[in-house]
Amino acid sequence: MAGLKKLGELQKSEERLAYLLLLPTLFILVAIAIYPLATVFYNSLTDKKFASSQEVSFIGLRNYRELLSVTVKELPPVIDADTGEVQIDSETNQPVYERAINILPREPFRFRAMKQFNLFGKMYVIGATDREFVRAIGDTLAFTVVTVILETILGLGVALVVNANFKGRGVMRAVMLVPWAIPTAVSSRMWEWMFNSTRTGLVNVVFQNLGIGNGQIPFLVDTAWQIPAMITIDVWKTTPFMALLLLAGLQLIPKDLYEAADVDGAGMIRKFFTITLPLLRPTLAVALVFRTLDAIRVFDLFQIVLQNTRFSMASFAFYNLIDSQTMGYSSASSVVIFVLISVFAVFYIRLLGAEND
Amino acid sequence: MKTNRILWTVASMMMAAAMVLTACGPAATEPPAATEAPMTEAPETEAPMEEITLRVFAGNVGQELELTKEAAGRYMVLHPEVNVEVVDTPDFVEDRLGVYLQLFEAQSPEGDVFQIDVIWPGDLAEHFVDLNEYGAADVAGDHFPAIIENNTVDGKLVGIPWFTDAGLLYYRTDLLEKYGYNAAPATWAELEEMARTIQEGERADGNEDFWGYVWQGNAYEGLTCDALEWVDSSGGGTIVSPEKLITVNNDAAIAAVEMAASWVGDISPDGVTGFGEEDARGVWQAGNAAFMRNWPYAYSLGQADDSVIKDKFDVSPLPAGDAGHGSATLGGWQLAVSRYSEHPAEAADLALFMASYDEQKARAIEGSFNPTVMSLYQDEDVLAATPFFGSLYDVFINAVARPSTATAPQYADTSRIFYNGVHSVLTGEVDAMTAFEEMELDLQDLLGYDVGQP
């Protein structure tokens with residue numbers, strides 16, 4: 001009995017020691033993560049102005065309402081005052097609808113038209129109080145999905161190539177990393193020049209020779225081209241990183257498995273799908289989590305190349321903080337981004353983790 | 001396994017938090033790399049005082065930075081106890097303001113002298129010292145009174161004028177002659193017609209990259225300047241009138257911006273909606289444009305020995321619209337001393353030195369930067385180097401100011417609403433009528449002023 005009791009005490013003192021040892025970590029976490037995060041959250045409930053001595057007042061959830069309010073309204077057709085009938089546009093032969101700006105509510109925040117669409121013969125308009133933010137969320141998600149898919153496929157291809165045995169493999173592996181080794185600020189500028197809107201830009205010259213456009217496509221200004229251009233730059237830049245991670249995974253696969261498969265007479269494709277891919281899955285999972293969370297908070301690329309003409313979520317927050325000086329509003333958008341990323345991260349990791357169990 | 005899950009969840013939340021914070025926090029940005037001015041070996045003094053370092057945050061458009069460094073070098077020769085570092089700042093005005101604001105938010109003594117835009121004194125006054133207390137009162141009378149007035153906020157002289165700017169029309173004399181025109185265009189319609197003729201002719205002659213007219217169309221402060229010129233010269237007012245009425249939404253303004261939108265892809269490149277000053281100058285100085293709207297600084301660069309258009313161009317006032325007169329937006333930069341500087345007296349002395357008669361003269365000759373000291377417009381050396389300072393004197397003194405006084409301290413937001421609205425019309429995203437209605441509503445929300453007609 002006495003021995004057991006003693007064991008219990010020992011356990012307790014070990015527990016105490018464990019907590020004591022955890023303290024420094026906890027302290028650092030509070031100092032560098034919890035405290036700033038709490039400050040951001042608190043600021044998001046105020047109208048604080050950046051770099052100003054203006055008095056700060058608490059405004060509750062007003063910033064969030066202004067950021068996230070979205071509405072759909074029906075646009076009634078315009079009735080001709082003389083005939084009492086619906087006005088028809090003489091050029092397009094379509095009925096004329098009331099203009100969105102007159103229909104969307106203006107109180108307490110003004111809704112701005114985002115998109116009009118026709119459903120069952122009626123015209124509707126989607127309005128948002130901050131259409132830039134709503135658009136930034138959409139753009140960032142689209143950017144994330146497309147870049148991660150492309151980088152994974154291309155990265156896997158590159159990794160398989162440099163994993164094979166050939167002369168000059170070491171050099172190839174080093175060369176492969178060059179795009180990733182260039183700082184984004186530099187490579188963004190480089191691509192900005194290549195995407196130049198005149199024929200001084202390489203992309204325009206190439207496109208013109210391929211018969212696309214007249215050599216004057218404003219890639220970085222035209223809204224239809226902006227996001228594809230961003231995706232191109234990011235894929236060029238980050239595929240090597242993906243390849244590097246996957247290469248590490250490939251090297252962990254024991255060679256004798258392939259030898260056994262050779263003996264059994266399996267072909268290249270069969271070997272890839274039954275040996276390489278299943279054994280690469282844990283690495284692939286980690287790489288995907290990394291890239292997805294990285295892509296969703298993309299900042300530098302958008303900030304440097306698009307210069308506030310179109311935003312990613314992070315550059316939106318930066319723009320509102322620095323250029324608009326609306327620190328409270330910017331903090332609110334940061335909190336929304338934080339929640340979005342957390343949800344993403346939790347789901348992602350659960351999904352992958354569950355499969356691993 | 002369950003604890004493991006929770007741990008993962010917590011870990012991923014932390015990771016997300018850290019990522020958001022690193023991405024969006026009010027980043028503790030290092031100031032851009034300071035570059036030492038060229039003349040650092042200052043002569044030894046007998047009683048070596050403690051050396052102090054002053055940092056000047058200056059622009060880098062054209063030869064600006066070089067000239068500022070030279071001025072800093074001259075100051076250090078006169079004041080060996082002072083070490084002046086010239087810090088390069090971003091070209092885009094908004095980005096430059098961003099750098100400054102980050103220093104001011106931290107009340108950082110990192111910067112002593114700041115080059116500030118003519119539109120900033122109202123918005124930024126609280127961060128600068130009153131230069132009148134440091135001897136500026138004696139020299140203020142030498143400068144253009146309108147600029148001194150602009151820089152005076154509540155009786156406090158926020159910045160000493162350094163150079164002034166006004167929008168000008170650059171045109172190729174050789175091409176005008178080639179196509180049978182004997183004078184620069186007097187109206188926008190004439191400009192359009194001449195630009196189209198020259199562009200078609202030059203392209204037929206084999207220069208596929210030739211454009212009629214280049215200007216600043218990116219969504220930034222520069223577009224506010226350009227658009228204000230179109231609008232004001234058409235009788236559409238100045239966005240917000242000095243009497244604090246929101247006048248932006250009127251037929252003349254809408255027509256003026258629609259006119260500019262029709263240029264895009266016709267006489268101006270499709271990419272002009274992404275152009276800043278230096279992009280426009282790039283096309284112009286390569287000899288690929290017949291006309292350019294730009295500030296005076298482009299003159300001396302175009303006249304440089306390695307320029308292909310040397311002696312083939314001239315400048316004139318911008319064309320007139322329905323108002324019957326052309327309009328040039330007033331630009332220009334001041335030197336201000338930070339309230340957070342550790343050496344405000346020395347910094348003010350440096351600022352006054354850099355804005356003095358001799359220094360402005362050097363900048364006018366080498367860089368065609370318009371002096372703010374009135375008597376320099378009669379100086380023979382200056383007029384020999386940049387003859388248009390004399391011939392276009394009226395343009396400079398009658399330049400139209402952006403509504404920075406009427407809207408202070410909300411000018412930055414006012415301008416943003418305006419240039420974003422105009423930009424959406426130029427790119428064809430929104431029709432002009434809707435864009436101007438939206439601008440009007442946005443300005444009402446922002447400023448709370450009444451709506452009026454110009």
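Heavy-atom basis, side chains included; hydrogens, waters and symmetry copies ignored. Each chain gets a letter, A, B and so on, in the order the sequences are listed, and its residues count up from 1.
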| request: Please test B:Glu438 against A:Arg106 for salt bridge (charged side-chain N to carboxylate O under 4.0 Å, His left out), starting from the C-alpha separation and ending with a verdict. | output: CA-CA 11 Å; B:Glu438 287 202 343; A:Arg106 292 177 184 175; over 6 Å; no

| Step-by-step side-chain contact (heavy atoms from CB on, under 4.5 Å) determination, B:Gln102 to A:Phe50 | CA-CA 8 Å; B:Gln102 288 174 56; A:Phe50 183 71; 4.0 Å; yes

| said: A:Thr309 vs B:Asn218, test: side-chain contact (heavy atoms from CB on, under 4.5 Å). Steps then yes/no. | reply: CA-CA 8 Å; A:Thr309 53; B:Asn218 202 352; 3.6 Å; yes

| message | Run the salt bridge (charged side-chain N to carboxylate O under 4.0 Å, His left out) test on A:Asp323 and B:Arg416 for me, step by step, so that the C-alpha distance in whole Å, both residues' side-chain angles and the decisive distance to 0.1 Å come before the verdict. | response | CA-CA 10 Å; A:Asp323 292 78; B:Arg416 185 170 306 120; 5.0 Å; no

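Contacts of A:Leu220 with chain B are absent, with no heavy-atom separation under 4.5 Å from either backbone or side chain. If you measure heavy-atom distances from B:Glu437 to chain A, the contacts under 4.5 Å come from both the backbone and the side chain. If you measure heavy-atom distances from B:Tyr100 to chain A, you find no contacts under 4.5 Å at all. If you measure heavy-atom distances from B:Thr273 to chain A, the contacts under 4.5 Å come from both the backbone and the side chain. In this structure, chain A has heavy atoms under 4.5 Å from both the backbone and the side chain of B:Leu441. At a 4.5 Å heavy-atom cutoff, the contact between A:Ser53 and chain B is made by backbone and side-chain atoms alike. With a threshold of 4.5 angstrom between heavy atoms, B:Leu97 does not approach chain A through any atom at all. Both the backbone and the side chain of A:Ser52 come within contact range of chain B, with heavy atoms under 4.5 Å apart. Of the two parts of B:Asp445, only the side chain, counted from C-beta on, holds a non-hydrogen atom closer than 4.5 Å to a non-hydrogen atom of chain A.
When atom types are taken as modelled, the side chain of B:His127 and the backbone of A:Ala51 share a donor-acceptor pair closer than 3.5 angstrom.
By the 4.0 Å N-to-carboxylate-O rule, A:Lys115 lies too far from B:Glu429 to be salt-bridged with it.
Remark: B:Asp130 engages no residue in a salt bridge (charged side-chain N to carboxylate O under 4.0 Å, His left out) (not counting sequence neighbours).
Heavy-atom pairs under 4.5 Å with chain B peak, among A:Tyr319, A:Phe219, A:Phe316, A:Phe344, at A:Tyr319.
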